[in-house]
K.L.:
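Sharing a structure here in structure tokens format.
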Protein chains: 2
Amino acid sequence: MVSIEQVLRDHQIRPTAIRLLMYRFLKDSQVALSLNDIESGFDQSERTTLYRTIKTFERKGLVHQVDDGTGVAKYALDKPANGKQSTQDLHLHFHCTNCNETTCLTEHKIPHISLPTGFIPEDMNLLIKGVCDKCSGQ
Amino acid sequence: MVSIEQVLRDHQIRPTAIRLLMYRFLKDSQVALSLNDIESGFDQSERTTLYRTIKTFERKGLVHQVDDGTGVAKYALDKPANGKQSTQDLHLHFHCTNCNETTCLTEHKIPHISLPTGFIPEDMNLLIKGVCDKCSGQ
DNA sequence: TAAAAACATGCAATCTGAGTGCATTATTGA
DNA sequence: TCAATAATGCACTCAGATTGCATGTTTTTA
């Protein structure tokens, strides 16, 4: 078990108070969070700082941005890669049109897609919209 | 060969001058267009009108919105369905990170994905980012 | 360890795209 | 032809994203 402080240091991020708090906040969330969501979880601290913090996390590879089609950027913690290679860039996200929550389905890999000649893929994103398990009651 | 006017009428859209122009503009484009792109193609006419026009087209099933992860909505003409059922919502989009153009790869269908229990899919969007054929030079 | 350099934070402000309200103009159909 | 209905244009509003700058804090280095 590595401390959050160490995780940040490992990513060349200075472990300030806000950063530690935000990391924990993201870690405790089962769903991707928008800047507004994050802001709501912090009485103290300022929108801009939270924004820059999340962007720092993103730049340093701690979180990835989730685009769920709502037009609002959300963020989720990267799961530490099990193998050598990060698999973060092959995501499947589920956006519930009922509760508006967006979940990373990291276990579900996107199957290989063959593209026309000349198209060089670098990143993939599969977004599925529908009703999530909590809302479907199943 | 059906006239554009007829296409619009068939979708319960009054064929005004702007609408005919915009339809042709979309038809002539190989890539999805943002409102800004469209605006640039029209010296005359007003942003709001173009916006409402594209939204009308969307509502009536003439175009579909493409979300390429840039945060800017783009639109592309629906290809006329060959079969009875429209398959517009299950093709993939390719966004070139070099030229910023987004292409509908209508021939490429999204493979079936099995979801965890309780997740009910209703719509899917597969976005692949990378370098397009024009930019890769291949 | 003090001073300089580098980075983090807070506040105010800007920018962009999306979307609406309303008055005017055009089109349609009784 | 006239009333009803829809389309257009202009002026806004709104939200989220992003930046500039002044200040505070940490790190580095002489």
Side-chain angles (χ1 to χ4, degrees), chain A residues 4-25 32-60 62-76 95 100 102, chain B residues 4-26 32-60 62-76 95 100-102:
Chain A
I4 293 181
E5 195 166 329
Q6 195 52 50
V7 172
L8 294 189
R9 284 196 202 287
D10 289 349
H11 286 82
Q12 288 87 48
I13 300 171
R14 286 187 190 170
T16 66
I18 288 177
R19 288 169 175 181
L20 292 169
L21 285 171
M22 187 183 294
Y23 188 94
R24 188 165 306 132
F25 193 67
L33 299 173
S34 70
L35 191 59
N36 269 336
D37 296 334
I38 295 171
E39 209 180 355
S40 308
F42 290 75
D43 331 305
Q44 77 276 51
S45 196
E46 218 265 331
R47 190 184 181 75
T48 315
T49 303
L50 298 174
Y51 172 76
R52 283 199 254 238
T53 300
I54 199 85
K55 282 299 176 187
T56 298
F57 282 9
E58 190 187 14
R59 211 161 355 94
K60 300 291 190 178
L62 263 185
V63 308
H64 61 277
Q65 186 169 337
V66 179
D67 182 352
D68 66 4
T70 60
V72 179
K74 294 184 177 176
Y75 302 88
H95 173 68
N100 196 34
T102 302
Chain B
I4 294 180
E5 194 166 328
Q6 195 52 51
V7 173
L8 295 189
R9 284 196 202 285
D10 289 348
H11 286 82
Q12 288 85 49
I13 300 171
R14 286 190 189 169
T16 66
I18 288 176
R19 288 168 176 181
L20 291 168
L21 285 171
M22 187 183 295
Y23 188 93
R24 188 164 308 132
F25 194 67
L26 290 165
L33 299 173
S34 70
L35 191 58
N36 269 335
D37 296 334
I38 295 171
E39 208 180 354
S40 308
F42 290 75
D43 332 304
Q44 76 279 49
S45 197
E46 219 264 332
R47 190 183 181 74
T48 317
T49 303
L50 298 174
Y51 172 75
R52 284 199 254 237
T53 300
I54 199 87
K55 283 299 176 187
T56 299
F57 282 7
E58 190 186 15
R59 211 161 355 93
K60 301 291 190 178
L62 263 185
V63 308
H64 61 278
Q65 186 169 337
V66 179
D67 183 351
D68 65 3
T70 60
V72 178
K74 294 184 177 176
Y75 303 88
H95 174 68
N100 196 35
E101 288 193 341
T102 302

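In what follows, chains are A, B, ... by sequence order, proteins preceding strands, each numbered from 1. Keep in mind it's a predicted model, so treat the numbers as computed, not measured.
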K.L.:
Any chance you could measure B/T49, atom OG1, to B/I54, atom CD1, to the nearest 0.5 Å?
P.N.:
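Result: 13.0 Å between the selected atoms.
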K.L.:
Atom CD of A/E46 and atom P of D/dT23: how far apart are they, to the nearest Å?
P.N.:
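Computing the A/E46:CD to D/dT23:P distance gives 16 Å.
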K.L.:
What is the distance, rounded to the nearest whole Å, between atom CG of B/N36 and atom C1' of C/dT16?
P.N.:
9 Å
K.L.:
Need to verify one output field. Residue with the more 5' nearest nucleotide on DNA chain C, A/I18 or B/G71?
P.N.:
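The residue whose closest nucleotide sits nearer the 5' end is A/I18.
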K.L.:
Is it the case that the side chains of A/S34 and A/N36 hold a donor-acceptor pair, with the cut-off being a distance below 3.5 Å and no angle test?
P.N.:
no
K.L.:
Pick base, sugar-phosphate or nothing for B/R52, based on heavy-atom distances below 4.0 Å to the nucleic acid.
P.N.:
base
K.L.:
The side chain of A/T48 lies closest to which of these nucleotides: C/dC11, C/dT28, C/dG21?
P.N.:
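Given the options C/dC11, C/dT28, C/dG21, the side chain of A/T48 is closest to C/dC11.
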K.L.:
Cut-off 3.5 Å, side chains only: do A/S40 and A/D37 have a donor facing an acceptor?
P.N.:
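The criterion, which ignores hydrogens and geometry beyond distance, is not satisfied for A/D37 and A/S40.
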K.L.:
Of the options D/dG16, C/dT9, C/dA18, whose atoms approach the side-chain atoms of A/R47 most closely?
P.N.:
D/dG16
K.L.:
In whole angstrom, give the distance that lies between atom CG of B/D37 and atom P of C/dA18.
P.N.:
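Rounding to the nearest Å, CG of B/D37 and P of C/dA18 are 11 Å apart.
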K.L.:
Measure CD1/A/I13 against C1'/C/dT9 and give the value in whole Å, please.
P.N.:
16 Å
K.L.:
Rounded to whole Å, please give me the gap between CZ in A/F42 and P in C/dT9.
P.N.:
11 Å
K.L.:
Could you state the atom-to-atom distance from CE of B/M22 to P of D/dT8 in whole Å?
P.N.:
9 Å
K.L.:
Find which nucleotide of DNA chain D each of A/K55 and B/S45 is nearest to by heavy atoms, and output the residue with the more 5' nucleotide.
P.N.:
B/S45
K.L.:
Starting at CZ of B/R59 and ending at C1' of C/dG19, how long is that distance when rounded to a whole Å?
P.N.:
13 Å
K.L.:
Find the distance A/I54:CD1 to D/dA17:C1' and express it as a whole number of Å.
P.N.:
14 Å
K.L.:
C/dG19 phosphate, OP1 or OP2: any side-chain N/O from B/Y51 under 4.0 angstrom?
P.N.:
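For B/Y51, the contact criterion (side-chain N or O under 4.0 Å from OP1 or OP2 of C/dG19) is met.
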K.L.:
Donor-acceptor pair, A/R47 side chain versus A/E39 backbone, under 3.5 Å?
P.N.:
no
K.L.:
Nearest 0.5 Å please: distance from the CG atom of A/L35 over to the OH atom of A/Y75.
P.N.:
7.0 Å
K.L.:
OP1 or OP2 of D/dT8 less than 4.0 angstrom from a side-chain nitrogen or oxygen of B/R19, does that happen here?
P.N.:
yes
K.L.:
Look at all strands and tell whether A/T16 reaches a base, only sugar-phosphate, or nothing, counting heavy atoms closer than 4.0 Å.
P.N.:
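Contact class for A/T16: sugar-phosphate only.
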K.L.:
Return whichever of B/K74 or B/P15 has its heavy-atom-nearest nucleotide of DNA chain C closer to the 5' end.
P.N.:
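Counting from the 5' end, the first nearest nucleotide belongs to B/K74.
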K.L.:
Determine the contact category for A/T56: base if any of its heavy atoms lies under 4.0 Å from a base atom, sugar-phosphate if only primed atoms, P, OP1 or OP2 are that close, otherwise nothing.
P.N.:
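It contacts nothing in the nucleic acid.
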